[in-house]
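In what follows, every chain begins at residue 1, and chains take the letters A, B, ... in the order their sequences are listed.
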Amino acid sequence: MVRSPNDYRTDVWVDWCPGCGNYGILAALYKAFAELQLDPTNTVIVSGIGCSGKTPHFVKANGVHTLHGRAIAFATGIKVANPNLTVIVHGGDGDLLGIGLGHFIALGRKNVDIKVMLHDNRVYGLTKGQASPTLSKGLKTKSLPQANIINSLNPIALALVSGYTFVARGYSMLSEHLKNLIVAAIKHKGSAFIDILQPCITYNNIHTPEYYRKRVYMLEDEGWDPNVREGEAQNTLLKAIQKSLESDERIPIGIFYRNQYNQTLEEAYGQRTPSYSKTLLPWQKICKEDGSPIVDEKLFQKLFKEYIVKVKKG
Amino acid sequence: MVRSPNDYRTDVWVDWCPGCGNYGILAALYKAFAELQLDPTNTVIVSGIGCSGKTPHFVKANGVHTLHGRAIAFATGIKVANPNLTVIVHGGDGDLLGIGLGHFIALGRKNVDIKVMLHDNRVYGLTKGQASPTLSKGLKTKSLPQANIINSLNPIALALVSGYTFVARGYSMLSEHLKNLIVAAIKHKGSAFIDILQPCITYNNIHTPEYYRKRVYMLEDEGWDPNVREGEAQNTLLKAIQKSLESDERIPIGIFYRNQYNQTLEEAYGQRTPSYSKTLLPWQKICKEDGSPIVDEKLFQKLFKEYIVKVKKG
Amino acid sequence: MGGPQGSGLESSAQILSKALAYLGYGLISDREYFSNIKGRHSYTHMRISSNNIPLALTYPVQVLCAMDAETVFTHFQDLDEKGSIVYDISTLQTKYTVIPSIEPRLRERLRVLFSELGLDGTISSLTRYLKAVKKVRLIGLDYQNIISEVSKKFEILPSQATRYLSSIAVGSIVGLTGIGSDAIKYSLESRFQGNQTLVEHNNHIIELVSKNVREDYGTLYELSPSSIGLEKMLVASGNDIIAMAKIVGGLRFQSYYPITPAADESFTLEGFERLEVEGESLGSLIVTQTEDEIAAIASAIGASLAGVRSSTSTSGPGFSLMVEALGYAGQVEAPVVITYYQRGAPSTGQPTRGAQSDLLFTLYASHGEFPRIVLSSGDHLEAFYDTILALNLAEKYQVPVIHLLDKFLANCIATSPLPDLSKVKVERGKLVFEMPEYKRFNLSHPISSRAFLGSNTIQWVAGDEHDELGHIDEDPVNRKEMYEKRMKKLEIMDSEIPLEYRVSYYGPEEAKLLMIGWGFTKGAALEAIGRMRENIKCAYLHLKMFSPFPAEYVKSLLENFDPKNIVAVEHNYLAQASKIIAQHTGVKVEKSILKYTGRPIYVDELLKALERVLGGERRVVLEYGA
Amino acid sequence: MGGPQGSGLESSAQILSKALAYLGYGLISDREYFSNIKGRHSYTHMRISSNNIPLALTYPVQVLCAMDAETVFTHFQDLDEKGSIVYDISTLQTKYTVIPSIEPRLRERLRVLFSELGLDGTISSLTRYLKAVKKVRLIGLDYQNIISEVSKKFEILPSQATRYLSSIAVGSIVGLTGIGSDAIKYSLESRFQGNQTLVEHNNHIIELVSKNVREDYGTLYELSPSSIGLEKMLVASGNDIIAMAKIVGGLRFQSYYPITPAADESFTLEGFERLEVEGESLGSLIVTQTEDEIAAIASAIGASLAGVRSSTSTSGPGFSLMVEALGYAGQVEAPVVITYYQRGAPSTGQPTRGAQSDLLFTLYASHGEFPRIVLSSGDHLEAFYDTILALNLAEKYQVPVIHLLDKFLANCIATSPLPDLSKVKVERGKLVFEMPEYKRFNLSHPISSRAFLGSNTIQWVAGDEHDELGHIDEDPVNRKEMYEKRMKKLEIMDSEIPLEYRVSYYGPEEAKLLMIGWGFTKGAALEAIGRMRENIKCAYLHLKMFSPFPAEYVKSLLENFDPKNIVAVEHNYLAQASKIIAQHTGVKVEKSILKYTGRPIYVDELLKALERVLGGERRVVLEYGA
Ligand SMILES: Cc1ncc(C[n+]2csc(CCOP(=O)(O)OP(=O)(O)O)c2C)c(N)n1
Ligand SMILES: Cc1ncc(C[n+]2csc(CCOP(=O)(O)OP(=O)(O)O)c2C)c(N)n1
Ligand code: SF4
Ligand code: SF4
Ligand SMILES: [Mg+2]
Ligand SMILES: [Mg+2]
């Protein structure tokens, strides 16, 4: 059976505000899934809390809607437990770069094969529009009583410095382009990050589709090559960081950086413990037919011999 | 009274392992305090948990020994409540870059005038030598059962990307040089970070004084200029990031980056609320002599007029 | 009044509230909404009285004002016999089956019900049924027409005029109750602070609709003049009144991480950072949004150590993250106030619904043992005084104080008299500003003198067990003494804090039936006392302070009642307060009336439940409300 | 045996333990140490028996082996009349005043005591006093001499030879007790796994010292041959035995963030990642160090959702951070085991000391209400079975399980018989691997069929209140049903989990005095039963499961006792378990014997305290131990 984008829709009513950028992300996701013909039973969307956090309910694939800021931590457990799953994280900018920042960076360090989609609307949507970590200092979106007083983070630079091996930016209103990024991220082996510019129609009257229309341009149009060649990771990284510092007046989208040479954490575990790669943990036997543990008296004594003392006779 | 380094010592027994790099940090701190003639009653050392976390007890100045990973968050409250205080954070690499990473980055964003001293020993000292976020993948220090499986972070690059306006690296065994860095950091207005290479004699048999002796060199010897000139922050930043990527074989110490042009959070609050700068919060009056609140019936009705309805007569 | 979230209903409720207050009426108004920004069903449930300030909500309602078809389908059963329903006649042909935002379970219930009643699922058939069977007055209006008129009259785009839709609700209620146009004008002026266009446009719709309604149906619910007799009234939500109290109480530092239903308090506080009255500054208030809740409480404790009255506001998920630092505050004897608005739990639960299921958690949160105060409030004015009390007790006893509230109170708008500030004092406890050999944790008394960081002292503070100076100390004798120093505060607080701050008894002394509750339950319980049938005298024991718990008083009081006539009334499953009673007094409250749907307890259902309890039922679970 | 932390004492204790086990003796050995890596005072308190496995520690001790002067000053009062002290004669002139690591309070106590006794503060005067007044045998050795000899003999640097200092302690005990050289050889081989140099060097010192001691003082404490009769013994710390149990129980994923006293368990587990026996793989175990405790529990829950038996181990501060995710597990019905080692609290507290002060916290941690299991263990073998029980119950009931232990157990090395694996089963509960319209939260039964992510199903999981599919749902009827579905599990668990897993009664049926305790208290209580004077029959009620609490059994049992003869024995201030009893049964346990210095309850002090309780005291606070 060939799955169409529509086959990944659930019956759940999508309750984002009309005009919200999240619709574009969802559409791109459906299309990417269809293009890759992902098996919904082997795909898991993990999310945090926020408007963005609702994504899994709208997708017919396994969905784990977790806690604010913790999606990556849950996802890491899922992926390490079963590396066969395609694991995708959807989170907000407050979610991933505010409360969840520690996990966001840890994922870069670990290079677990998880794809992180940042719904970057520069506000805390679901709590009614407070400033998020990607809102620049001095800006006053309509829901703020006063201008934002804290400097913003640069998600791309941060992901690069953290060790993500695939770093990209997309724009929710350019759904085809975004779909391609998602496909590339899923195909990539290792931790992947897409900063998705997502207009919040209700609370963010600065970063509107209008705003982005004027500023967004595609890296590929400039002939940008994000790919690391063997041994040249550092140069490519530095170049990508430089690109990421480009001012707000011209916003590049596309793949900034892609490094195919780094070992994933799952691979490292497999190297350390070959049986980990041979039989997936969930399907490893832990007891016999009758329910008794596979570690029986004999195996127990062998396995734990350093703790067992054979008492001297007589 | 002129204070000597010794005047900043307490009677508490310093219970670090003999030969620990922390001694060098402590010595540099005493000297820096003496050079700046810091008033102990107006100085606060805030620490997390770890071998590094014990620092405040050894210094005769206010000391707040907080929770693992949270020193920066406590320090931010202290400094914002009383910007007159000199506030210094001492933390471990697990403390600041593991569990406390979110706060570490948040401080960069906020540019609160706090000085962060990272006791970078690449292990979790006080819990007996597990790998910390600055230990490279593949290394196996003597306390690890197997080689470290997770990539390390680059503290300098991270601090730069986070927005710290003063970023430096010191080495605990070069106490005079380190002292100078501490002095410069304290003199700097804004969030300052010093990555202090600190041999852990007990658990880290790789990053020993021997190791560092061979690799460490001083930025100033290369004529490095860390200072941002007006309007050139981005270039200087990029250059500093590039420098921070220098491989482990040659380790630069000194000031990587210094930006004097950014507003601190305290300044921003003062701008928003002039009385904040006029009278320090702790000394603002909140009640009258008799204990009644300064907001009396009359002021209450004026202050909260939008919530008060005068009932129509008759 | 119901309609889609984000369509202006919240503002309509405010406009109505102020207009009614202007006329001297008492009101309470609950807002129910989904965890959603736009489109899902929300409603305001308002109760108005001309002779007192209503304390709780009740069903059925007299008027249902539906901005959309979903509201009709969701609420038609809430309507009283002979009540009135205002609805949009353009929705007459709308079937419930085509409304995507109706949740599956409600849709299923409607399907069953409509098929039983033989209705075809349209608004039209439903309203006909209501008229025929429940004698409901049908007030069908053409909303689109009204909007077009406005758009024409003011020469604005129809899409812009749509923003005024919710004023149709206000207009119809104004028409039905006879609220005067001066009151509406007053209220609009106050709501739109100088934006005359908004005042004019809204006013126009309200006048238009109210005139139509009045002409066609009469002033069906004409309000008699108020006999309440207040000259001034506070009209505020729980969030707002607590913000005001914090300012009066001398708060200078509030940290928070956004979370429903706490964030509105911080939002309100942000409006007062300058603390200016007529250009003169009373000080300054720092309101700071942190990177997470851990940072929120940590920085509040930091500010407290520096000598500033500080607090943080949060809800369940946020408090769960604050637990470690709460223990730190306990261990280092730092005053700090946590304003805790309970919501539907566990976990993310029901973020925008109410509950009282976090009581046991707050009492024991964080590892280890340390003294804390847990204080809860039952209504707006109580919350006002308690907020200041919380700030005082935190500093006086150098302990963390958890002020336990809930979403019901947070979002309810209520009228109340102005607080009596002559009753309010600021107490900062034992302070010292200069001392050469200062010992922060002097063992000579459980409550040591407190110095601010930055005064003429040096101090050390550590979450490790420490000596008198604050340095780490593992000596067993010091451990015991320092542990006891802290724990002794529990006894001191218990003996010093007056009983009237901790528990209140309402009702006749010789009552037969005793309700025990806390927090927002108060309103419904008090109303129930008044409305219970004559021969059953009821009373209500309102618990406010759970730590230190007024064990002796509660015990001796309970002994006056027949155990089968004592009933816990709570918004949780376990009857948590009664567990605490058992723990402290050995008295097990065996009966309970509980509700955990996320909606408040209504007076009418409580009355029915009380009858069932009298009839012998041990546990009644309430479930009314959409 | 005492000496500076980091000087090899831990290893000495292990060597002695294995040697003693080899000879069939029973032993229990507690390790006390500061939150410090090197230099502060640490000691091992060991009790050895030839006719049974000792369950608890007691004072006074027969032999005190001091590696340094600080040990002598810290422990001389622990010595029995006529006991023996082994010490370094080169410290004879050392005064307590020059030892910087002695904490101020102990120094002050020594000052007072020595001045009362007219001693000058040197080891020399103190030992003379001990000999004269307490008839203590003085075994002075020249440690430096011994080390020099070794350094000469093996041609190693003296600084290197110093590493063997702690073997002097082993040697002296071997000498005094007559442990055979075969036992020591066996033990050294096993400890140093093939490193013959270490075996040889250590063995040499041990032989040398033991010979000297035996020659000069005789085998003062010659152990009679063991009558225990076990062929094999487990010699392990609590941390280790739990690691073994997890492996037997089928654990496949352990996440952790380092913390004392939990981390050693994960460290042990890491050694078994490959799960290989003689080259054959039994599977694999992922042990993963996370960025913080929040990630630790979140990833364990994630692994659990993917179908893997998972757990995380932590202590108070870590658990405090796990609270939010704990509620998530409760809400989404995810099995997960949290192995929780209590330590001195609150806050950072006493990181390396023991306590039982987190019980109430674990019962109510996280906002809202959800079923959980809280299970505690009293000794090594109990902990072994309970660990597997925890893994089973978590999956069977799809709830989070908190396995509550403490630092005492974690760090105590004890001998025990090998666990009886025929009693052990793995139970995974209701599983489903394939189902087209799979409903993860099917409402038809409180326990729904569980599918793994990645099996042939699709499921949604949300911390928000959800419908049967797992999608967010705010409908009040669904809310009530889903809430009740979860909470009903409490009743099911209560009715299904056998009583013997939850509570044990020890002692004669017709006892007069009842102790109630939990966790590590068990050992001291059981010994006290045996050692109480003849005419007072004692019993001990060992509580193991606090949620669901075996209320009826406990209630009816307590009714058999005179309330004045029921006493709570706990390592906390509030007598937490007795609070839970009161809450569930209405019975208030009015008497208590409590200890909260961070040191374990010793049998001798417990006996004295029981007498005081019999004499009418309501609350006895214990404080023995350095
Ligand atoms: C621990 C915790 N703190 C706070 C919240 C409240 N909360 C819900 S959504 C949200 C932020 C949403 O912002 P963002 O992550 O940017 O997502 P968006 O809604 O913009 O997609 C917050 C703070 C929560 N659910 N949990
Ligand atoms: C919440 C919490 N988790 C874990 C610990 C245990 N702990 C104590 S020190 C420490 C780490 C120390 O490592 P680092 O921060 O690098 O400091 P160092 O000792 O190396 O100076 C940890 C994990 C704790 N105290 N609190
Ligand atoms: S609030 Fe903003 S982000 Fe959330 S659904 Fe509405 S438009 Fe989208
Ligand atoms: S363990 Fe390492 S960091 Fe800690 S005191 Fe010892 S040498 Fe220093
Ligand atoms: Mg956002
Ligand atoms: Mg470290």
Side-chain angles (χ1 to χ4, degrees), chain C residues 34-35 103-106 109 316-317 319-321 323-324 327-328 330-331 344-350 353 355 357-358 360-361 363-370 463-465 467 473-480 483 487 572-574 579 582-583 586-588 596-599 621 623 625-626, chain D residues 34-35 103-106 109 316-317 319-321 323-324 327-328 330-331 344-350 353 357-358 360-361 363-370 462-465 467 473-480 483 487 572-574 579 582-583 586-588 596-599 621 623 625-626:
Chain C
F34 279 74
S35 179
E103 291 192 302
R105 293 295 292 270
L106 174 58
R109 289 197 299 277
F319 185 76
S320 276
L321 290 170
V323 159
E324 192 196 11
Y328 183 81
Q331 174 78 324
S347 197
T348 310
Q350 294 178 313
R353 310 288 177 178
S357 56
D358 303 349
L360 285 161
F361 177 36
L363 283 169
Y364 302 113
S366 207
H367 54 291
E369 302 170 305
F370 55 90
D464 287 83
E465 192 57 278
D467 64 14
D473 195 304
E474 303 203 22
D475 183 75
V477 179
N478 178 74
R479 166 64 167 176
K480 182 165 169 288
Y483 205 125
M487 296 305 280
N572 57 52
Y573 183 97
L574 294 169
K579 298 227 168 231
Q583 180 173 308
V587 181
K588 289 195 77 178
Y596 38 83
T597 60
R599 283 65 173 175
V621 178
E623 49 192 27
Chain D
F34 279 74
S35 179
E103 290 191 304
R105 292 296 292 269
L106 174 57
R109 288 197 298 277
F319 185 76
S320 275
L321 289 170
V323 158
E324 191 196 11
Y328 183 80
Q331 173 78 324
S347 197
T348 309
Q350 293 178 314
R353 310 288 178 179
S357 56
D358 303 349
L360 286 161
F361 177 36
L363 283 169
Y364 302 114
S366 206
H367 54 291
E369 301 169 306
F370 55 91
D464 287 84
E465 192 55 279
D467 63 15
D473 194 305
E474 302 203 21
D475 183 75
V477 179
N478 178 75
R479 165 68 166 173
K480 182 165 169 290
Y483 205 125
M487 296 305 280
N572 58 52
Y573 182 98
L574 293 169
K579 298 229 169 228
Q583 180 173 308
V587 181
K588 289 194 77 179
Y596 38 84
T597 60
R599 282 68 173 174
V621 177
E623 48 192 26

Next on the checklist: Among residues at least two apart in sequence or on other chains, which ones pass salt bridge (Lys or Arg N to Asp or Glu O under 4.0 Å) with C/Lys579?
Outcome noted: none
Checklist entry - So which heavy atom on D/Phe370 is nearest to which on C/Pro346, and how close? => result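 Here D/Phe370 and C/Pro346 meet closest at CD2-CB, 3.7 Å.
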Checklist entry - Considering all heavy atoms of both residues, which atom of C/Ala345 and which atom of D/Gly368 are nearest to each other, and what is their separation? => result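 Nearest pair, atom of C/Ala345 first, then D/Gly368: CB-CA, 3.4 Å.
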Checklist entry - Does D/Glu369 use its side chain to pair, donor to acceptor, with the backbone of C/Tyr573 at less than 3.5 Å? => result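 Between the backbone of C/Tyr573 and the side chain of D/Glu369 there is a qualifying donor-acceptor contact (under 3.5 Å).
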Checklist entry - Distance from C/Thr348 atom OG1 to D/Tyr328 atom OH, nearest 0.5 Å? => result 8.0 Å
Checklist entry - Of the listed residues (D/Leu321, D/Leu574, D/Leu106), which shares the most heavy-atom pairs with chain C below a 4.5 Å separation? => result D/Leu574
Item to check | When D/Val587, D/Asn572, D/Leu363 are compared by non-hydrogen pairs under 4.5 Å with chain C, the top option | outcome: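 When all of D/Val587, D/Asn572, D/Leu363 are compared, D/Asn572 has the most.
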Most contacts with chain D, counted as non-hydrogen pairs under 4.5 angstrom, among [options]:
options: C/Arg353, C/Gln583, C/Met487, C/Gln350; value: C/Gln583
options: C/Ala582, C/Gly463, C/Gly327; value: C/Gly463
options: C/Gly625, C/Gly349, C/Gly586; value: C/Gly349
options: C/Val621, C/Thr597, C/Asp464; value: C/Asp464
options: C/Lys480, C/Arg105, C/Glu465; value: C/Arg105

Item to check | Results of side-chain contact (heavy atoms from CB on, under 4.5 Å) for D/Ser35 - residues two or more places apart only | outcome: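 Partners of D/Ser35 by the side-chain contact (heavy atoms from CB on, under 4.5 Å) criterion, ordered by chain and then number, come out as B/Leu126, C/Glu474, D/Pro351, D/Thr352.
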Checklist outcome for this item: Exactly one of C/Ser320, C/Ser366, C/Pro317 clears side chain to side chain contact (heavy atoms under 4.5 Å, CB included) with D/Val323, and that residue is C/Ser320
Checklist outcome for this item: Test side chain to side chain contact (heavy atoms under 4.5 Å, CB included), reference C/Glu103, set D/Asp475, D/Asn478, D/Val477, output is D/Asp475
Item to check | Parallel, tilted or perpendicular: rings of C/Tyr483 and D/Tyr596 (30°, 60°) | outcome: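 Answer is tilted, since the angle falls between 30° and 60°.
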Checklist entry - In terms of heavy-atom proximity below 4.5 Å to chain C, should D/Phe319 be classed as side chain, backbone, both, or neither? => result neither
